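Down below is the structure, laid out as structure tokens.
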Amino acid sequence: MLAFRVHRLELAGRHRILMPKLNKGQMSLLARRFDSEGFRVESGPVLSARKASHAIYVDPAGLCWGSPDPSDYLLPSIPEVLSCEKEKASLDELLSKYFVFSYWRAEHAVRVCSRLESLGTWDALRASGGCGLAPDERLMATALLQGSAGQCRLVTDFVADESSALLVGRRTYYDSRLPVREASETLREMDGVGSRNAYIPRNGVLSMTDACRKETLAKASEALGEWCSFETS
């Protein structure tokens, strides 16, 4: 079972703190905590809290950001957030917090819903040599890859049999096609770096000839622990 650990980083001029996948009860708890601290709180798809020069935003997908650093206001609430009861969800609802499944040109196209490994933050992470794939995201992505067949396109920091150079900032990566087993073994997460590292593509899409069954992912989701505040009913 994954235990939650605080990850803080500054990207593109914003302070960011990774959070668990948050349910309604946890979002309400955070709204009350910010309100008690004198913030003007607005609920919506993303919770916002403003006070003087502080602006804090919390996305239930599992990300907080703000200016200046929101740590002093957010971090004291983490133990209470983690103690909240998990919310029941169907398997499709739980998986939708990590993936969007589709079919494109005779391949299964699965978009990984990552807190940081996407679009603008993807560029900043690659340019700095960092990685923003959270532990729960890596757990689910590797389960997807290990249960699939064929090959998958990722970005790597090593040359594979099918690779083309990709320059991000001053760093050279490779648009590579790897066997799914090798992809799962080299997929990097934010807690570490290996001698050979693969990254989710900028658009977040993993294309495979044969994607794994949802039942396989359901089994993997049982190990999400504190990083996901939902469980299948």
Side-chain angles (χ1 to χ4, degrees), residues 1-9 15-51 54-66 69-101 110-118 132-144 147 189-191 212-233:
M1 299 288 283
L2 292 179
F4 179 77
R5 186 168 70 84
V6 174
H7 294 77
R8 293 182 290 175
L9 65 165
H15 296 274
R16 304 170 195 265
I17 302 172
L18 267 65
M19 297 287 288
K21 298 290 187 184
L22 299 167
N23 60 38
K24 293 177 182 177
Q26 291 167 320
M27 291 295 290
S28 295
L29 184 156
L30 289 171
R32 292 193 300 271
R33 287 294 297 266
F34 287 134
D35 182 71
S36 71
E37 293 282 351
F39 282 85
R40 185 176 75 257
V41 178
E42 295 182 10
S43 298
V46 173
L47 182 151
S48 68
R50 296 180 175 86
K51 180 173 70 170
H54 285 78
I56 301 173
Y57 303 90
V58 181
D59 188 329
L63 184 64
C64 172
W65 66 94
D69 187 352
S71 298
D72 288 346
Y73 295 102
L74 181 73
L75 297 187
S77 67
I78 294 296
E80 192 174 0
V81 167
L82 296 178
S83 69
C84 288
E85 185 177 352
K86 290 199 173 191
E87 184 177 312
K88 297 293 184 181
S90 68
L91 177 59
D92 283 345
E93 288 172 333
L94 190 149
L95 293 182
S96 71
K97 301 181 185 305
Y98 291 95
F99 305 112
V100 176
F101 297 90
V110 183
R111 182 168 65 83
V112 179
C113 303
S114 175
R115 299 163 176 86
L116 293 175
E117 286 286 337
S118 61
L133 195 68
D136 59 324
E137 295 166 350
R138 185 182 187 278
L139 185 153
M140 295 300 289
T142 54
L144 172 74
E189 70 171 85
M190 65 190 314
D191 278 336
C212 78
R213 298 167 58 90
K214 290 185 178 180
E215 290 75 13
T216 301
L217 297 175
K219 183 65 177 177
S221 73
E222 296 174 2
L224 289 170
E226 293 178 333
W227 276 94
C228 184
S229 306
F230 298 85
E231 60 185 5
T232 54
S233 52

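Sequential numbering from 1 along the given sequence is applied to the chain's residues. Note that the structure is a prediction, hence the values are computed from the model and not measured.
- By the side chain to side chain contact (heavy atoms under 4.5 Å, CB included) test, C113 pairs with V100, R111, sequence neighbours left out.
- Taken to the nearest 0.5 Å, the SG atom of C64 stands 11.5 Å off from the NE2 atom of H15.
- Here Q26 pairs with S229 under the side chain to side chain donor-acceptor pair (under 3.5 Å) rule; sequence neighbours left out.
- Summarising the geometry of M1 relative to E222, their closest heavy-atom pair is SD-O, 2.9 Å, with the distance given to 0.1 Å.
- Using a 4.5 Å heavy-atom threshold, the side chains of I17 and L75 count as touching.
- In this structure, the side chain of K86 engages the main chain of C228 through a donor-acceptor pair within 3.5 Å.
- Between K51 and F34 there is no side-chain heavy-atom pair separated by less than 4.5 Å.
- Between the side chains of S71 and D69, at least one donor N or O sits under 3.5 Å from an acceptor N or O.
- H54 is listed as a side-chain neighbour of Y73, based on a closest heavy-atom distance under 4.5 Å.
- A distance of 9.0 Å separates CD in E85 from CG in N23, rounded to the nearest 0.5 Å.
- Of the candidates R5, K21, R115, D136 forms a salt bridge (charged side-chain N to carboxylate O under 4.0 Å, His left out) with just one, namely R115.
- In this structure the side chain of F4 reaches within 4.5 angstrom of the side chain of V6, judged on heavy atoms.
- Scanning for side chain to side chain donor-acceptor pair (under 3.5 Å) contacts around K24 gives an empty result, with sequence neighbours left out.
- In this structure, Y98 and S221 have side chains that are not in contact, with every pair of non-hydrogen atoms separated by 4.5 Å or more.
- A salt bridge does not link D191 to R138: none of the charged nitrogens lies less than 4.0 Å from a carboxylate oxygen.
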Could you go through the side chain to side chain contact (heavy atoms under 4.5 Å, CB included) check for W227 and L18 one step at a time? CA-CA 10 Å; W227 276 94; L18 267 65; 4.3 Å; yes
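- In terms of heavy atoms, A218 sits closest to L91 at CB-CD1, 3.5 Å.
- Shown here for L95 and M140, the closest heavy-atom pair between the two residues is CD2-CE, 3.8 Å.
- When the side chain to side chain contact (heavy atoms under 4.5 Å, CB included) test is applied to R32, the partners found at least two apart in sequence or on another chain are S28, L29.
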For side chain to side chain contact (heavy atoms under 4.5 Å, CB included), just list the numbers for L22 and V58, CA-CA rounded to whole Å, side-chain angles, deciding distance to a tenth of an Å, and then say yes or no. CA-CA 9 Å; L22 299 167; V58 181; 3.7 Å; yes
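- Taking both residues in full, the closest heavy atoms of G132 and S114 are given as O-OG, 4.4 Å, listed atom of the first, atom of the second, then distance.
- Between D59 and R16 there is no salt bridge, since no side-chain N of the basic residue sits under 4.0 Å from a carboxylate O of the acidic one.
- Annotation: cation-pi pair K214/F101 present, NZ/CZ under 6.0 Å from the ring centroid and within 45° of its normal.
- Listed by chain and number, the residues in a side chain to side chain donor-acceptor pair (under 3.5 Å) with Y57 are R50 (sequence neighbours excluded).
- For the pair E117/E137, no side-chain contact is recorded, criterion being any heavy-atom separation below 4.5 Å from C-beta on.
- At least one side-chain heavy atom of M19 sits under 4.5 Å from a side-chain heavy atom of L30.
- Evaluation of the side chain to side chain donor-acceptor pair (under 3.5 Å) rule for T142 yields no partner, not counting sequence neighbours.
- Heavy atoms only, all atoms of each residue included: L47 and A31 are closest at CD1-CB, 3.6 Å.
- At least one side-chain heavy atom of R33 sits under 4.5 Å from a side-chain heavy atom of P76.
- Taken to the nearest 0.5 Å, the CD atom of E80 stands 10.5 Å off from the CD1 atom of I78.
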Checking E93 against F230 for the side chain to side chain contact (heavy atoms under 4.5 Å, CB included) test, could you report, in this order, the C-alpha distance in whole Å, the side-chain angles of both residues, the deciding distance, and whether it holds? CA-CA 9 Å; E93 288 172 333; F230 298 85; over 6 Å; no
